[in-house]
Amino acid sequence: MLAQTPPMGWNSWNTFGCDINEKVVLETADAIVKHGLDKLGYKYVVIDDGWSSMDRDPVTNRIVPDPVKFPHGMNYVSDYIHSLGLKFGIYSCAGLRTCGNYPGSMDHEYLDAQTFADYGVDLLKYDGCFIPPNVDIHTLYRRMGMALKASGREILFSLCTGNIAQSWARSCGGHMYRSTGDINDSFESFKNIVLSQDQNFCYSAPGCFNDMDMLTVGMYGKGLVSTSDFSDEMYRTQFALWCMFSTPLMLGCDLRNISDEMLKLISNKTLLRINQDPECRPPYRAAHLGYQNFDKNIYFKHLSNNEYAIAYFNYSDGWADVHTCLSDFGLTNESGMGLEITDAFTGECLGVFKEYFVAPHVLSHGIKVYTAKVVKA
Ligand code: GLA
């Protein structure tokens, strides 16, 4: 089964937009291996919109790669990616044209799925632009779900529909579905994505995951969706929340020049373990002491092996000590149990706590993430 845990990899869109080419893709694949990211689970190299010619081949009717951007064709790219032990992803659209106005797959689903299978594609990101008003979007996604299966190749189906497919993505054969509009590289953008997710938690499970969009971690003001509102703290917060929410980890920065700090962040084994936990349970949002503080969220997530993950997300404009009452998580005072709490960033064990826990000094727009075990106390 594909997507037992949230898919991980890189997608070209956030940095390169439609200005994508063979050199960038192959160099990125090399960078993934050079930094050991493949060993951590980052496997998919996904070329987003802008890879094809503006029109289909007049004879075969197939979508064809842009000969300038991809001079050796897509099998060359695919073979190279596969030779490194990575997986190859491509983009198309359920409508008549893609969002960037390249040919879409509507009414060509079976031919296009076969073309992608012939390229050796392992993932299809399938967008929802240029769908005529009288056409049912759900039907178009069902069609591509079947066309991919009919191609004879196992292809991960990544639905990109905005906030409408949660309840039907899985039944169309989808392995991940976007639940948001497009991210940009600012705190405001990913905070709004995060705060819109409470009602989506129930839809993620092995086989099909809620996709909160590609990460902007490490963009540092460069690339298509960049802004000037970025910081290392904000990137730590974003990455940790994507891990807590079991969302696919699709990196969006230019991995060829990733900073050491960001490499360390996306390689954090505890955060990755939280994201890739085999049970893939969603988090819930817990209350905290001092209910007047509405701008700090606490997320609690069951992991396998009697472990839990807890995140304290401070989206206010000042730092805060964030108080929790452990009974909010289900651990009563009378149970004779406490929580042994370990910082996911530093690896430091903070001790065993009963009744209360205070996440100390959570920075503005920052986060603290802990793993916890229930122990006798
Ligand atoms: C939409 C998607 C983006 C990207 C672009 C490509 O906006 O949400 O992730 O794929 O289309 O044009």
Side-chain angles (χ1 to χ4, degrees), residues 6-21 24-25 28 44-55 63 65-66 69-70 74 88-106 112 116 121-132 137 140-141 144 148 155-166 169 172 174-186 188-190 192-194 196-197 200 209-219 222-227 238 242 245 247-255:
M8 295 168 64
W10 174 85
N11 175 298
S12 57
W13 184 255
N14 281 357
T15 294
F16 298 97
C18 289
D19 192 16
I20 186 67
N21 60 57
V24 168
V25 176
T28 301
Y44 288 96
V45 178
V46 183
I47 303 176
D48 208 287
D49 205 358
W51 62 269
S52 79
S53 292
M54 294 312 282
D55 295 301
I63 298 186
D66 181 309
K69 293 174 179 172
F70 293 95
M74 282 316 189
F88 176 42
I90 213 162
Y91 167 99
S92 188
C93 187
L96 295 166
R97 307 288 293 176
T98 71
C99 302
N101 202 23
Y102 294 82
S105 290
M106 185 175 150
D112 289 356
F116 302 147
V121 159
D122 305 297
L123 178 154
L124 175 67
K125 173 174 170 183
Y126 205 46
D127 219 331
C129 286
F130 293 102
I131 296 177
I137 183 166
L140 296 180
Y141 278 87
M144 186 48 98
L148 290 175
I155 298 178
L156 190 149
F157 188 24
S158 164
L159 284 69
C160 182
T161 50
N163 189 21
I164 59 166
Q166 317 32 2
C172 292
H175 299 98
M176 54 195 263
Y177 60 88
R178 269 277 286 283
S179 60
T180 70
D182 287 11
I183 198 168
N184 70 43
D185 189 24
S186 69
E188 203 54 26
S189 170
F190 83 78
N192 289 335
I193 288 176
V194 164
S196 73
Q197 291 304 318
N200 293 332
F209 291 94
N210 174 14
D211 173 11
M212 305 201 310
D213 210 348
M214 288 86 71
L215 292 147
T216 65
V217 164
M219 288 185 67
K222 295 203 189 77
L224 183 79
V225 305
S226 64
T227 73
Q238 181 185 111
W242 262 233
F245 287 19
T247 196
L249 298 177
M250 290 294 178
L251 304 165
C253 69
D254 188 345
L255 289 176

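We count ligands from 1, going down the list as the structure has it; atoms in each ligand are counted the same way.
Of the protein's heavy atoms, Asp182 OD2, 2.6 Å lies nearest to atom 7 (O) of ligand 1. From the protein, the heavy atom lying nearest to atom 12 (O) of ligand 1 is Asp49 OD2, 2.7 Å. Taking atom 11 (O) of ligand 1 as the reference point, the nearest protein heavy-atom neighbour is Asp127 OD2, 2.8 Å. Counting only heavy atoms of the protein, atom 9 (O) of ligand 1 lies nearest to Lys125 NZ, 2.8 Å. With hydrogens left out, the protein atom closest to atom 10 (O) of ligand 1 is Asp48 OD1, 2.7 Å, a heavy atom.
Using a 4.0 Å cut-off between heavy atoms, Cys129 makes no contact with ligand 1 at all.
The aromatic rings of Trp51 and Phe116 sit perpendicular to each other, their planes meeting at more than 60°, with 30° as the lower class boundary.
For ligand 1, the polar-atom distance check finds an N/O of Arg178 within less than 3.5 Å of one of the ligand's N/O atoms.
When the SG-SG distance for Cys129 and Cys93 is compared with the 2.5 Å cut-off, it comes out at or above that value.
Within ligand 1, counting atoms from 1 as listed, the ones closer than 4.0 Å to a heavy atom of Gly100 are 12 (O). Close approach of ligand 1 to Cys160 (heavy-atom distance below 4.0 Å) involves ligand atoms 2 (C), 8 (O). Within the listing of ligand 1, atoms 1 (C), 11 (O), 12 (O) sit less than 4.0 angstrom from a heavy atom of Cys99.
At a threshold of 4.0 Å, the pair Asp254-Lys222 does not count as salt-bridged, since none of the basic side-chain nitrogens sits closer than that to a carboxylate oxygen.
At distances below 3.5 Å, not a single donor-acceptor pair connects side-chain atoms of His175 with backbone N or O atoms of Ser158.
To the nearest 0.5 angstrom, Ser12 atom OG is 7.5 Å from Met214 atom CE.
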For Ser186 and Asn184, what are the C-alpha separation, side-chain angles and deciding distance, and is it a side chain to side chain donor-acceptor pair (under 3.5 Å)? CA-CA 6 Å; Ser186 69; Asn184 70 43; 2.7 Å; yes
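A side chain to side chain contact (heavy atoms under 4.5 Å, CB included) with Asn11 holds for exactly one of Asp48, Val45, Ile47; it is Asp48.
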